[in-house]
Amino acid sequence: MHDALLVAGKDLRLELRSRVALNQVVPFALLVLVLFAFALDPDRGLLEKATPGLYWVAVLFSGLLALQRSFAVEAADGNRDMLRLSGLDPAGIYLGKVLAVSVQLLTLEVLLLVGVAVLYTTHLGGWPLLVATVLVATAGIAAAGTLYGVVAAGLRVRETLLPLLLLPVLAPVLIGSTRAFEAALGGTPSEGWPWVGLMGVFAVLYVVAGVLGFGPLLEEA
Amino acid sequence: MTTQIASQSRGRPSGAGDAPTSTGSRATRVLGILTIVAIATLALFGLVLSPADANQGDAVRILYVHVPSATFAYVGCFLTTLGSALYLWKRSQWWELVAYASAEIAALFTAVTLATGMLWGRPTWGVYWVWDARLTSTAMLLLLLLGYLAVRRLPAEPSVRSKRAAIIGLLLVPNVVIVRQSVQWWRTLHQKPTLFANGLDSHIEGLMLFALFVGFVAIGLLFTWLLVHRFRLAWLEEQLDEQGLDLAIAERRAEAAAEVAADTGVVAP
C-alpha cells in the first residue's frame, strides 16, 4: 500500500508539473461535448435527454487519452526497467497507477458534469446515486484500463491497440453508468442501484486480476 | 492426434530436416472425410428431408448451421481461456498454441453465427439487426476475440507476445460472462425478450430436431478438423521462426568465414 501511494504520488506530481491532462485532455473532453451538440441539434431537446449516454461516452474517450498518457510517461528513458529495479511490489505499482488514473478521471468527470449542466441545460439530481455511480465507474475504468494499458504499453501499435482491447471490455461499465445516471436524473434511483452493484463487481474483479497479473507482465523484456 | 505430432516435433532439434512439412496426417484425413460426409448429410436433412417451419418457413433451415456454430464459438472461447491459463501456469507452448488456434476458429464461428443470424433475421423479423441481448453480446464476443488476435499477431518478440496475449485470453471468458450479463440486464430492463419466447424451444418436430443434431455433429467435426490443422500450422510457423533465425546466423557466420578466407588469400602471396 505504501508502494501504491509512492507510485500514485509520482504520477500525480508528474501531472501537476506537466499539466498534460489539464491542458490537453480536459479541453478535448469539452470539445467532445460541443461536437455532440453539433451532431445532435441542440434545439430539439435531444441533448438533455441523451445526457447520460453522451456524458459517459465523453468520459470513456477522454479517459482513454489519460490512460495512454499514464503509460507514455513510463515508456520513455527505460522507465519500465527502473520500475522493475526499484524493488517496489508490482501489485503496489499497479494500485498506484490505478489510484493516479482514478484521481485524474474524477477531476475530469466533475468538470464534465459541470459541462453538461451548463451546455446541455441538464438538471442534475439524485446525488447519492450520481456520486456512487461516478465512483464505481471510475474505479472500474481505471482498474481495467491500467491492466490493458500495460498489455499495450511499449508496443509500437499501442495507440491503436488500447482502444480495441479496452472499449469492448468496458461495455458493461458504459451500460451500467448510463442506466444509473438515467435513473438518477429521471428521479427513479432504485432502478440505478443494481447497476452500481454490477459495476462494483466489475471493479473488484479487475483490481484482483490486475494485482495478480501485473507482476508477470512487468517482468518480461 | 495433436499431442502426437507435438511431442514428436518437440523431441527433435528445431533445425531437423525431417520436420513435418504438411499439417495433414492419416487421422486428419479420416476426420476430413467424416466432416464432408457429415456436411453432406446435414445438407440432405436440413435442406431436403426436414419440413419447413410453420412460422418461420424455409428460413428455419439456417438455424441448423447457426445454432451449432454459436455453440462451438463458445467452445473455442473456453479453449482459449483454458489454454491461456495453462500457458501462464505451466509455461506450456503447446497450450499457448491451442489458445491461439481456437481463438482464431472461435472468431470465424462467431462471424458465421452473426452472418447466419442476420440472414435468418431478415425474413423472420423483417430486419437484419435488432438490439437483442443475444445479438449484442455475440457482436461484443467477436470484438473481444479480435482484440485477443490483434495482440497475438503482433510483430513482437514471441515471449512478450505470448504472455500479453495469454493475459487477454485468460480474461476472455470472464469478460464474455460480464458483458453478456450486463447486456441482458440492459435489454430486459427496457423490453421483454419477445424474440425467442414463441420461436425456438417450444415445439421442435422430430425430423427438425434430428437435422439440428446432424448440424451439431457436422459443425463439431468441422471445428475439430480446423482446430487440429490450425494448431499444426501454428506449430510449424513457430518452428520456422526459430529455424529461420538459426539459418540466418549460420549464413552470416559462413559469410564472415569466407571473407576472412578471402582476405588471408590476398595477403598470402
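Note that the structure is predicted; figures quoted are calculated from it, not measured. Values below: every heavy atom of this structure, side chains too, minus hydrogens, waters and symmetry copies. So you know, we letter chains A, B, ... as the sequences are listed, proteins then strands, and number each from 1.
With a 4.5 Å cut-off on non-hydrogen atoms, B/I178 touches chain A through its backbone and its side chain both. Residue contact with chain B, scored on non-hydrogen atoms closer than 4.5 Å, is absent for A/A144. Only the side chain of A/L205 comes within contact range of chain B, with heavy atoms under 4.5 Å apart.
Of the candidates A/L198, A/I141, A/T138, A/I141 is the only one forming a side chain to side chain contact (heavy atoms under 4.5 Å, CB included) with A/V173.
Environment of CH2 in B/W129: crowded, with over 12 heavy atoms of neighbouring residues, nucleotides or ligands closer than 6.0 Å.
A salt bridge links B/E96 to B/R152: at least one charged side-chain nitrogen sits closer than 4.0 Å to a carboxylate oxygen.
The two residues A/P168 and B/V179 make their nearest non-hydrogen contact at O-CG2, 3.9 Å.
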